[in-house]
Amino acid sequence: MEKLLESDLYAPVRDYLEGLGYTVKGEVKDCDVAAWRDGELIVVELKRGFTLELIYQAMDRQRAADGVYVAVPLPRRGYMDPRMGDMRALCRRLELGLIFVGFTTGGAGQVDVAVHPKEAAALRRNKKRRLAVIRELEGRTG
């Protein structure tokens with residue numbers, strides 16, 4: 001695949017979450033992906049690389065969501081990348097989920113959940129912000 005865009009990550013992540021029974025929408029209240037199922041709100045932040053900016057955004061989203069994932073392309077060296085263990089450890093420590101999106105030569109995306117998020121503590125959740133995300137998510141069509 002040529003130059004990978006952040007938007008290229010959306011379809012594989014959306015398809016994965018829809019396969020789990022979530023209603024999924026993109027760009028909801030500054031969240032790249034918002035997914036809703038049975039009262040559970042999941043947010044996924046998409047980036048072309050695993051950066052500090054991505055971690056800051058994900059930590060901010062934890063105030064509104066039950067679970068937050070970061071989704072990045074699978075590194076060029078795949079699971080042999082020396083940073084792989086560090087990425088997983090950081091996400092576990094911050095209670096964030098980690099999704100790698102790999103692309104086949106045909107361009108089809110494949111999702112691999114490397115770490116699942118722990119449910120965000122109720123004390124750290126911002127109810128007003130959470131409700132704003134849920135209202136916009138439920139109000140969208142298509």
Visitor: So if you build clusters from Ile, Leu, Val, Met, Phe, Trp, Tyr with side-chain heavy-atom gaps below 4.5 Å, do L5 and V72 land together?
Guide: no
Visitor: Mind checking whether V101 and P73 have side chains closer than 4.5 Å, heavy atoms only?
Guide: no
Visitor: State whether the number of non-hydrogen atoms from other residues, nucleotides or ligands found under 6.0 Å of Q110 atom CD is greater than 12.
Guide: no
Visitor: Taking C-beta and beyond as the side chain, do K25 and W36 meet within less than 4.5 Å on heavy atoms?
Guide: no
Visitor: So which atom in C91 and which in L98 form the shortest heavy-atom distance, rounded to 0.1 Å?
Guide: SG-CB, 3.9 Å
Visitor: Going through the checks in order, is the side chain to side chain contact (heavy atoms under 4.5 Å, CB included) test met by D66 and R130?
Guide: CA-CA 9 Å; D66 297 306; R130 175 184 168 80; 3.2 Å; yes
Visitor: Test F100 against every option in V111, L9, L74 by the side chain to side chain contact (heavy atoms under 4.5 Å, CB included) rule and name the one that passes.
Guide: L74
Visitor: How close do E95 and Q62 get, heavy atom to heavy atom, and via which atoms?
Guide: O-NE2, 3.3 Å
Visitor: Could you check if a side-chain atom of L41 sits within less than 4.5 angstrom of a side-chain atom of L137, using non-hydrogen atoms only?
Guide: yes
Visitor: Would a 4.5 Å heavy-atom cut-off, applied to side chains only, mark V43 and V33 as touching?
Guide: no
Visitor: Under 3.5 Å, side chain of R92 to main-chain N/O of H116, donor-acceptor pair present?
Guide: no
Visitor: Should L90 and L96 count as side-chain neighbours, where that means a heavy-atom distance under 4.5 Å?
Guide: no
Visitor: Can you tell me how far CG of L20 sits from CG of D15, rounded to the nearest 0.5 angstrom?
Guide: 11.0 Å
Visitor: Taking all non-hydrogen atoms of both residues, which atom of E45 and which atom of D30 are closest, and how far apart?
Guide: OE2-O, 3.7 Å
Visitor: Enumerate donor-acceptor pairs with a distance under 3.5 Å from any side-chain N or O in residues 46-53 to protein atoms, sequence neighbours excluded.
Guide:
{"unit_1": "K47", "atom_1": "NZ", "unit_2": "Q57", "atom_2": "OE1", "d": "3.0"}
{"unit_1": "R48", "atom_1": "NE", "unit_2": "L4", "atom_2": "O", "d": "3.2"}
{"unit_1": "T51", "atom_1": "OG1", "unit_2": "L54", "atom_2": "N", "d": "3.2"}

Visitor: So which atom in G109 and which in F103 form the shortest heavy-atom distance, rounded to 0.1 Å?
Guide: CA-CD2, 3.7 Å
Visitor: Quick check: does any side chain N or O of R37 sit under 3.5 Å from a backbone N or O of L17, one acting as donor and the other as acceptor?
Guide: no
Visitor: Could you pull out the closest heavy-atom pair between G26 and Y10, with the gap in Å?
Guide: N-OH, 3.5 Å
Visitor: Can you list the steps and then say if D112 with I99 is a side chain to side chain contact (heavy atoms under 4.5 Å, CB included)?
Guide: CA-CA 6 Å; D112 178 27; I99 297 174; over 6 Å; no
Visitor: Would you give the length of the straight line joining atom OH of Y22 to atom OH of Y16, rounded to the nearest 0.5 angstrom?
Guide: 8.5 Å
Visitor: Would you name the heavy atoms of L94 and M59 that are closest together and state the gap between them?
Guide: CD1-SD, 4.2 Å
Visitor: Do you reckon V113 sits in the same ILVMFWY cluster as V44, going by side-chain contacts under 4.5 Å, direct or chained?
Guide: yes
Visitor: Do D60 and R129 meet the salt-bridge criterion of a basic N to acidic O distance under 4.0 Å?
Guide: yes
Visitor: Could you check if a side-chain atom of E6 sits within less than 4.5 angstrom of a side-chain atom of D32, using non-hydrogen atoms only?
Guide: yes
